[in-house]
Amino acid sequence: MPEDTPQQTEQSLAEQVGNRRAARSRIVDLGHPAYPNRFAATSLVSDVVARWGGSDAAAIDAVPEEERRVAVPGRVLAIRKMGKAVFLDLSDGRQRVQAYVRKDGVGDGGWALLESLDLGDHVGVAGVVFRTRTGELSVKAEALTFLAKCLRPLPDKWHGLTDVERKYRQRYVDLIVSEETRRTFEIRARVVSYIRRFFDGRGFLEVETPMMQLIPGGAAARPFVTHHNALDVDLYLRIAPELYLKRLITGGFPKVYEINRNFRNEGISTQHNPEFTMLEFYTAYADARDQMALTEELLAGAAREILGTTQLPWGDETISFEAPFRRLSMKDAVVEYGRDVPGGAIRADELATLEGLKGAAERAGVESIERFGDVPGKLLAELFETLAEPNLLQPTFVVDYPAEISPLAKTRPDDPRTADRFELFVGRMELANGFSELNDPDEQAEKFRAQVAERTRGDDEAMLFDEDYVEALSYGMPPTAGEGVGIDRLAMLFTNSRSIRDVILFPLMRPKAAGR
RNA sequence: GGGCCGUUAGCUCAGCGGUUAGAGCAUCUGCCUUUUAAGCAGGGGGUCCCGGGUUCGAAUCCCGGACGGCUCACCA
C-alpha cells in the first residue's frame, strides 16, 4: 500500500482482510498447512449431488454408512452457525451440497478449525451422506481438512456482483458468486464442443492458420499491427482466416474448419469486442445454398442438444431455431421493411438504379450519402442495414448481396452484379456470412485491384492485394462454399445475453486510471 | 467522437441544499447441536469517484476530469 494513502481509506476492507489473515494464522497454529498441495477427494460436490440428489431420506438411510462415506472438497459459500453445530454450503462451482458439522462429530480440533473458517475458504469434508429433517442433502462431517484461505470478503451472497465493470474486470469474483455467469460460460463451451463434433462427424478437418499475417485479408476491417524483431517486419493480427483456409482447399483438403480468434481494431459495443471468436468452414464442391442448409442443421441441432429446445428466450421475445430459416433477398428485405419510410414506401424499381437508390436512401434518413461514392451496392447494403436489419429477429438468410461489396465471392451465374452470397441474421444481429467462393484467379486479381483503388481513394478498410492468394487460386481451387459464424454472438443467443461482454470471460477494458 | 445515465461502508442500495450520512448482507462480541437469504442482542466500519466553483451551509446545485453503462456515429 502506498504510504501516501491514508489508512482510513480502506479501513473496513482492511479490517476484514486483517480478520481473515488472523484466522489463517490460527489455522496454521492448529497444525493445518494454510495451502496444502492436495486433498484425497473421493468425489466432487457435483458427484455427490448426482449420486444422491434423487434419493429421499429413507432411501439414503437404507444404504449402509460405509457406502455413503465421502471426502468432498469445495468452497464455503455460506456458514450458518447454530451454537455447537454448523451448516456449511460447499460449492464446486457447479453444484452445492451442505455439510453438517457438530462439535461432537469432529472433536475439539475440528471445531477449532471450523471456528476459523471464513466465507470463501476451501475445505475438504469427510463424512457420511444423509438428509436433514428438512430434506436437505448433506454430509455429516467426521473430519475437516483446510485447503486454502480466502483473504478477501466475497460480494453480497444474495445480490452478487451487479457492478458490471467489476464483473468484467474481476471475472473470477463474478464466477465465484454467480451461478448464472458460470452457466453462461458452460453453455458457451458446449456450443463450441458441439460445433467440433458436428464438423468432425461430417468429415471436416480442423485446422489452425496464422494469427500473424503479412497481409491482413479475408474481411474489410482495420487490423492491429505488431512487429517481429528478428525478421524486422511488421505483422498484422488476422482479421479473418479466410484466405488461408481457401489455400488449404486448393491444397486438397476438401472440407476444413477453424474456430479461433480474430482481431479488429475498431469500436467496442454490445456486439463488438476487438478480439472475438469466429468459426469458419469451407466445403469443396458445394455452393452457398448447401452452406445454408448445413448451417440450419448445425444451429437447430446445437439448440436441441444443448438447450433441449429450438425455442430460445430472447428478452421478452422468443427466437425459433427450427429449420428451415427464412430466405429473403436483400432487395426484398429493403422493400418489406421500407414500407413506412416517411415520404413514401421504398419501391422495388427504385433499387435498380443509382438515382433510385439515392432517393430511397434520402427518404430512409441515411446521412452523408456521398460517402458511398455512388456505388449502388453500398447504397443498397446501407438501406438494408438501416431498414431491415433492426427487424430481423427470427433467423433469416438474407441472400443476393451486391457483387461490389463481395470481392471474395462468386457472382450468380444468371447475374454478374449479384454475389452468390448470404448473411444470416438472428436477434437483429449479423450472425453468419457465407458465399460461393470466387475461384477464378483472374477475376480475383481484378477484384483485388478494385479494392486497392478504393483504398487509394481513402477507404482504409478496403482489402489489400494478396498475390500469393491469387497464385494459389491459379493452381486451381475446386468450386467451394465458405462461411463464417460469430461464436460470441451465437453464445449470446444461446444464453439470452444482451452484451457480447457477457459471453467473453475477460472482455477488453480501458485500463483503470492510476490511483483509483 | 456525440448524447443520456451512473459512481455513497467489503457487497447491494437509500438519502438529492439544512443536526453527528443510513439500511440489509458481510465483519466483530455474546446466546443457540437439523439450519438454509437461520434467528436474537450488542459493537465497529465512510476522502459520499477526483478537482474546482456557488452558498452561512454541498453527498445533494454548477463547471471540468476519470471510469463505467446505454445509445448514436463508426464497424461496407
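In what follows, chains are A, B, ... by sequence order, proteins preceding strands, each numbered from 1.
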Touch class at under 4.0 angstrom, heavy-atom based, for E266(A) against every strand present: sugar-phosphate
Partner nucleotide of rC16(B) by Watson-Crick or wobble geometry (both distances under 3.5 Å): none
Watson-Crick or G-U counterpart of rA66(B), or none if no pair lies under 3.5 Å: rU7(B)
Any residue meeting side chain to side chain donor-acceptor pair (under 3.5 Å) with E446(A), in chain and number order, not counting sequence neighbours: R449(A)
Which nucleotide in rG68(B), rC11(B), rC28(B) has an atom nearest any side-chain atom of E165(A): rG68(B)
Span that lies between the C1' atom of rC49(B) and that of rU8(B), in whole angstrom: 10 Å
Quick test: give all pairs of protein nitrogen or oxygen and nucleotides 40-42 of chain B nitrogen or oxygen below 3.5 Å, distance rounded to 0.1 Å.
none

Given RNA chain B, 5'-ward residue of the pair R264(A) and S499(A), judged by closest heavy atom: S499(A)
Sugar-phosphate only, base, or nothing, as touched by E461(A) at under 4.0 Å among non-hydrogen atoms: sugar-phosphate
Pair D61(A) + R131(A), salt bridge at N-O below 4.0 Å: no
Contact list for residues 355-371 of chain A, test side-chain hydrogen bond (donor to acceptor under 3.5 Å, both in side chains), sequence neighbours left out: E350(A)-R363(A), K358(A)-D374(A), S368(A)-R371(A)
Pairwise P distance for rA9(B) and rA23(B), with rounding to whole Å: 14 Å
Touch class at under 4.0 angstrom, heavy-atom based, for R498(A) against every strand present: nothing
Sequence neighbours excluded, every pair satisfying salt bridge (charged side-chain N to carboxylate O under 4.0 Å, His left out) that has a member inside residues 45-59 of chain A: none
Parallel, tilted or perpendicular: rings of F130(A) and Y100(A) (30°, 60°): tilted
Sugar-phosphate, base or nothing in reach of S406(A), heavy atoms under 4.0 Å: nothing
RNA chain B-proximal residues of residues 81-89 of chain A, any heavy atom under 4.0 Å: K81(A), M82(A), G83(A), K84(A), A85(A), F87(A)
Closest approach of S406(A) to Y401(A) (non-hydrogen atoms, all atoms of both residues): OG-CB, 3.9 Å
Please list, for nucleotides 23-26 of chain B, all pairs of protein and nucleotide N/O atoms separated by less than 3.5 Å.
unit_1, atom_1, unit_2, atom_2, d
rG24(B), N2, D156(A), OD2, 2.7
rC25(B), O3', K157(A), NZ, 3.4
rA26(B), OP1, K157(A), NZ, 3.1
rA26(B), O2', Q16(A), OE1, 3.4
rA26(B), N3, Q16(A), NE2, 3.2

Partner nucleotide of rC40(B) by Watson-Crick or wobble geometry (both distances under 3.5 Å): rG30(B)
Donor-acceptor pair (no angle test) under 3.5 Å: T134(A) side chain, rU34(B) base: no
Interatomic distance at P, rU60(B) relative to rG17(B), whole Å: 11 Å
Residues E115(A), K103(A): salt bridge by 4.0 Å N-O rule: no
P gap between rG22(B) and rC70(B), integer Å: 35 Å
